[in-house]
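As structure tokens, the structure follows; a few thoughts come after it.
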Amino acid sequence: MIKDYFLNEIETAIEKAIKDGKLGEMKEYTRGTLSTERPKNVDFGDFAINVSSLARHARIAPPMIANTIVSYIVPEDNEYSVIGGFINFKTGKTLLKNTVAEIFKKDKNYGKPEKVKTEKIILEYVSANPTGPFHIGHGRWAAMGSVLANLLKFYGHEVYQEFYINDAGSQITKLGNSLAIRVRQQLGEDIDFPTDETERKNFYPGDYLIPVAKKYIEINKLTSLATCGRGNECEGYFDAKRLSDFAKAEMERLQKELLENFRVHFDNFYSELTLHKSGKVEECVQKLKDSGKIYQKDGADWFKSSDYGDDQDRVIKKADGSNTYLTADIAYHIDKLERGFDRMINIWGADHHGYVARVKASIEALGYDPNKLEILLGQLVNLVINGNEVRMGKRKNMVTLDDLIEEVGVDATRFWMAMRNIDTTLDFDIELAKTNSDENPVFYVQYAHARACSILRNATEEKLNTETGEKTPAPLSKTELDELINSYNPETILPTIESAKKLILKLEEYKSMIKMSAETRQVYTICRYVQELASEFHSFYNANRVISDDKEMMKARLALVVAVKKVLNNALDILAVTAPERM
RNA sequence: GCGUGUGUAGCUCAGUUGGAUAGAGCGUUUGGCUACGAACCAAAAGGUCGGGGGUUCGAAUCCCUCCACGCGUACCA
């Protein structure tokens with residue numbers, strides 16, 4: 001990376017200067033103490049390093065230090081200048097030229113780090129209950145998770161994507177009971193969910209179970225309740241487990257279908273139920289008991305999570321003998337570790353914040369390293385309709401992810417869900433996401449890609465004058481364009497290198513953006529970057545005509561267009577947003 | 001109350017780990033197509049970085065303290 005090159009030049013110079021005793025009382029320099037930054041004012045340079053912090057050790061004024069350091073540097077065709085304690089750097093043609101060449105050479109792998117400590121990562125996200133359709137909040141985790149998976153894979157890690165199905169516990173009973181009511185309704189019985197609020201909480205009164213009920217009736221060939229005479233097999237169709245199993249399977253099917261449609265691909269759906277059946281949950285409880293971390297109180301078993309930094313101890317087996325949600329979750333995380341993953345990354349909604357400490361505590365209590373678990377807490381999503389916030393989380397007014405995608409499309413939904421810092425509450429404005437105007441960043445970016453494609457098409461197409469019927473030959477033959485791309489010569493870009501400097505630097509920034517994004521797990525930086533790159537490209541396009549009579553200039557600019565297209569493609573691939581050829 | 005996140009331009013948000021005159025997009029105003037897609041570009045106006053203290057050469061950034069809002073604070077999942 002150019003900034004690393006610059007930093008290395010400076011650090012080498014400092015070491016030489018110290019050796020010569022030119023930096024006053026400074027006797028040694030440890031690499032990494034200085035870092036590059038972006039100058040506030042673009043006129044200063046492309047990158048800058050502030051050496052003021054060395055003044056304390058050297059006991060020399062910062063400008064003097066800066067000048068001394070610069071005097072030890074061979075600038076090649078780059079430019080170094082000193083203002084106060086800042087050393088500014090202007091990138092020369094060689095580095096710019098090499099950047100474009102690198103894009104052509106590495107192509108799909110442009111931006112992938114050379115050497116990186118790769119890990120075997122299990123990324124868990126969405127993990128919704130199979131009790132209903134996804135709401136828009138799930139959409140945020142789905143989008144962010146899948147982008148993060150793509151990014152980490154690109155970065156070099158081995159990533160295994162998993163969805164934990166909460167298919168055990170009381171909510172499944174609730175689901176079965178709710179389906180029973182819907183089925184009876186469909187069969188003509190005058191029955192409805194309780195109106196009393198506390199009783200109603202034992203049901204899922206949403207409409208989404210109606211089609212499920214219809215399907216249940218159809219498959220089982222039920223005609224009416226009346227035909228279920230006493231003693232015949234009809235009762236069997238209202239068996240609680242039979243109903244809940246059916247509803248659960250149906251919900252899972254719909255969820256999986258939606259995820260695929262939303263370009264989210266899990267390697268595995270891990271059922272909580274199988275975890276119980278395998279005996280792994282009991283095994284974990286036993287291990288905790290053996291290590292003396294369990295005690296009894298009020299008829300329940302408590303885990304001493306407070307020994308490991310949790311606020312208080314947690315119940316692990318209720319007084320009625322059943323397990324809590326946490327119990328299975330402990331076993332699940334231990335199972336992940338036993339499957340040999342170096343790192344577990346979970347994306348959880350901020351409403352699960354209280355769970356972090358207790359799960360980490362359990363991992364530590366069982367003798368594993370809690371630092372292997374990295375939990376990304378995402379703030380929730382607010383839906384904005386006509387400028388008014390519609391709070392999510394409440395069952396009423398629930399907008400499903402399905403509805404949202406149908407309304408605004410997969411591309412826009414993915415982009416909007418991924419474009420904000422995970423720490424901020426996301427306002428999803430449906431009207432804005434739907435527009436095809438400048439207000440919508442997705443279209444802005446896609447337009448840049450379509451524009452690049454369009455230029456490349458025009459370069460090799462003959463032009464027809466509609467009035468005279470006259471044909472002008474194509475500015476460039478297809479073979480020439482193929483040759484330009486496939487056996488790219490680094491010198492090609494030179495004619496336009498001055499006018500394209502900002503754009504090339506932005507292309508170069510892709511590498512540091514990827515690094516930063518992968519290391520901080522913040523995927524929104526990719527969305528920002530892609531907008532910035534599109535902006536630089538549009539700007540370049542308006543200022544410089546690509547197709548012209550000056551063939552060398554045209555080739556230079558076409559090469560740049562190809563480079564932009566490649567990088568946009570790579571970035572959009574990670575976002576799993578389409579890069580259209582035409583719009 | 002405690003824990004946690006947020007507070008930056010009219011709106012939505014960045015701010016690369018403490019540095020130069022505070023940065024974008026939208027919105028507003030002005031200008032740019034008989035030329036590669038104007039779904040675009042160029043420019044202007046717009047700020048007490050929630051308030052108040054502190055740390056130091058230097059703070060939107062670190063510490064303290066208030067204020068406002070979201071989320072959590074179950075033997076629910």
Side-chain angles (χ1 to χ4, degrees), chain A residues 3 35-41 44 48 50 52-53 55-56 62 83-86 88 128-129 131 166 168-172 174 201 272 297-302 311-312 314-326 328-329 349-357 377-380 382 384 387 391 393 419-427 429 432 435-441 443-444 446-448 450-451 453-459 461 463 467 475 512-513 515-516 520 524-525 528 531-532 534-535 537-548 554 557-558 561 582-583:
Chain A
K3 65 175 184 178
S35 60
T36 56
E37 52 192 81
R38 193 80 54 78
K40 289 283 180 237
N41 187 334
F44 290 152
N50 187 339
S52 302
S53 60
R56 204 176 316 158
I83 303 173
F86 287 92
N88 293 307
N129 296 339
T131 54
N166 296 139
S170 59
Q171 82 277 13
I172 297 301
K174 257 167 79 172
K201 277 185 183 155
E272 180 188 344
K297 196 179 90 180
D298 304 332
D301 287 353
W302 294 71
D311 299 341
Q312 48 172 290
R314 306 292 170 180
V315 170
I316 217 162
K317 193 176 279 284
K318 299 183 230 171
D320 69 3
S322 62
N323 289 320
T324 58
Y325 176 75
L326 174 66
D329 224 20
D351 51 341
H352 285 69
H353 158 254
Y355 255 77
V356 178
L377 284 176
Q379 297 299 314
L380 306 177
N382 287 326
V384 177
R391 289 236 178 283
M419 73 188 275
R420 294 284 179 240
N421 188 319
I422 193 166
D423 288 334
T424 67
T425 313
L426 175 73
D427 284 328
D429 190 322
L432 225 56
T435 56
N436 298 11
S437 72
D438 7 357
E439 293 171 53
N440 194 339
F443 284 89
Y444 182 79
Q446 292 184 319
Y447 180 56
R451 176 173 257 178
C453 293
S454 168
I455 296 168
L456 293 171
R457 273 196 303 272
N458 286 330
E461 265 171 23
K463 210 174 165 187
E467 281 174 20
S512 40
M513 183 279 293
K515 183 169 187 284
M516 161 110 92
T520 62
Y524 76 92
T525 47
R528 289 189 66 80
Q531 289 177 73
E532 287 164 10
S535 172
F537 177 62
H538 286 310
S539 184
F540 175 85
Y541 170 89
N542 270 273
N544 304 281
R545 199 176 157 76
V546 177
I547 295 168
S548 69
M554 176 169 70
R557 290 179 175 161
L558 280 173
V561 171
R582 296 167 204 270
M583 288 173 74

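For the numbers below, each heavy atom of this structure counts, side chains included, while hydrogens, waters and symmetry mates do not.
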| note | In Watson-Crick or G-U wobble terms, with both distances under 3.5 Å, the base opposite B:A35 is none
| message | Using atom C1' in both nucleotides, what's the gap between B:C62 and B:G18 to the nearest angstrom? | response | 8 Å
| request: Give a yes or no answer on whether the side chain of A:Asp298 reaches the backbone of A:Ala300 with a donor-acceptor pair at less than 3.5 Å. | output: no
| request: For B:U56, give its Watson-Crick or G-U wobble partner with both distances under 3.5 Å, or none. | output: none
| task | May I ask you to say what A:His538 touches in the nucleic acid, namely base, sugar-phosphate or nothing, with a heavy-atom cut-off under 4.0 Å? | result | sugar-phosphate
| Is A:Tyr444 near enough to B:C41 that one of its side-chain N or O atoms lies under 4.0 angstrom from OP1 or OP2? | yes
| task | Name the nucleic acid region contacted by A:Asp329, choosing base, sugar-phosphate or nothing; use a 4.0 angstrom heavy-atom cut-off, strictly under. | result | nothing
| task | Take the protein atom CD1 of A:Ile316 and the nucleotide atom P of B:A77, then report the distance between them rounded to whole Å. | result | 13 Å
| said: At 4.0 Å (heavy atoms only), tell me whether A:Asp311 reaches a base, stays on the sugar-phosphate, or touches nothing. | reply: nothing
| query | Do the side-chain N or O atoms of A:Tyr541 get closer than 4.0 angstrom to the phosphate oxygens (OP1, OP2) of B:C33? | reply | no
| query | With a 4.0 Å cut-off on heavy atoms, is A:Gln171 in touch with a base, just the backbone sugar-phosphate, or nothing at all? | reply | sugar-phosphate
| To the nearest angstrom, how far is A:Tyr524 atom OH from B:A24 atom C1'? | 13 Å
| request: Taking atom P in both B:U8 and B:U61, compute the distance separating them and give it to the nearest angstrom. | output: 14 Å
| request: Respond yes when some side-chain nitrogen or oxygen of A:Ser539 is under 4.0 Å from OP1 or OP2 of B:A42, and no when none is. | output: yes
| field | Exceeds 12 heavy-atom contacts within 6.0 angstrom, atom NZ of A:Lys515 | value | no
| task | Please confirm whether any donor atom in the side chain of A:Tyr355 sits under 3.5 Å from an acceptor in the base of B:A77, or the reverse. | result | yes
| What nucleic acid atoms does A:Ala300 come within less than 4.0 Å of, heavy atoms only: base, sugar-phosphate, or nothing? | base
| query | Heavy atoms under 4.0 Å, any strand shown: does A:Asn421 hit a base, just sugar-phosphate, or nothing? | reply | sugar-phosphate
| query | If we take the P atom in both B:A20 and B:A60, what is their distance in whole Å? | reply | 9 Å
| Do side-chain atoms of A:Lys3 reach the backbone of A:Ser35 as a donor and acceptor pair under 3.5 angstrom? | no
| message | By nearest heavy atom, map A:Thr425 and A:Ser322 onto RNA chain B; which one lands nearer the 5' end? | response | A:Thr425
| task | For B:A77, take OP1 and OP2 only and decide whether either is under 4.0 Å from a side-chain N or O of A:Lys318. | result | yes
| message | When you measure from the side chain of A:Arg557 to the backbone of A:Arg545, do you find a donor-acceptor pair of N or O atoms at a distance under 3.5 Å? | response | yes
| task | State the pairing partner of B:C2; accept Watson-Crick or G-U wobble contacts with both distances under 3.5 Å, and report none otherwise. | result | B:G72
| For A:Arg314, which contact category applies under a 4.0 Å heavy-atom criterion: base, sugar-phosphate, or nothing? | nothing
| said: Between B:C26 and B:A35, how far apart are the two P atoms, rounded to whole Å? | reply: 24 Å
| query | Can you find a pair of side-chain heavy atoms, one from A:Thr424 and one from A:Gln379, that are under 4.5 Å apart? | reply | no
| query | Taking a pair as Watson-Crick or G-U wobble with both distances under 3.5 Å, which nucleotide is matched to B:A45? | reply | none
| said: How many whole angstroms separate atom CG of A:Asp351 from atom P of B:A74? | reply: 14 Å
| said: In whole Å, measure the gap between the C1' atoms of B:G7 and B:A14 for me. | reply: 15 Å
| message | Under the criterion of centre distance below 5.5 Å and interplanar angle below 30°, is A:Phe86 classified as stacked on the base of B:A20? | response | yes
| query | Is there a side-chain contact between A:Ile422 and A:Leu377, using heavy atoms and a 4.5 Å cut-off? | reply | no
| request: With heavy atoms under 4.0 Å as the rule, sort A:Arg545 into base, sugar-phosphate or nothing. | output: base
| said: Could you check whether any side-chain N or O of A:Asn544 sits under 3.5 Å from a backbone N or O of A:Phe540, counting only pairs where one atom can act as donor and the other as acceptor? | reply: yes
| task | Please determine, for B:G18, whether a Watson-Crick or G-U wobble partner exists with both distances under 3.5 Å, and give it or none. | result | none
| How far does the P atom of B:A45 sit from the matching atom of B:C64, given to the nearest Å? | 39 Å
| task | Write down the distance separating the C1' atoms in B:G5 and B:U48, rounded off to the nearest Å. | result | 25 Å
| field | A:Asn166 backbone acceptor or donor facing A:Gln171 side chain under 3.5 Å | value | yes
| Most 5' of A:Leu377 and A:Leu326 on RNA chain B, judged by nearest nucleotide | A:Leu377
| query | What is the base-pairing partner of B:G10, counting Watson-Crick and G-U wobble geometry with both distances under 3.5 Å? | reply | B:C26
| request: Using only heavy-atom distances, decide whether a donor-acceptor pair under 3.5 angstrom links the side-chain of A:Asn458 to the base of B:A35. | output: no
| task | Can you tell me, in whole Å, how much space there is between the P of B:C11 and that of B:G27? | result | 16 Å
| Base, sugar-phosphate, or nothing: which does A:Phe44 touch, judged by heavy atoms less than 4.0 Å apart? | base
| If anything within 90° of 0 is syn and all else is anti, what is B:U17? | syn
| What nucleic acid atoms does A:Ala448 come within less than 4.0 Å of, heavy atoms only: base, sugar-phosphate, or nothing? | nothing
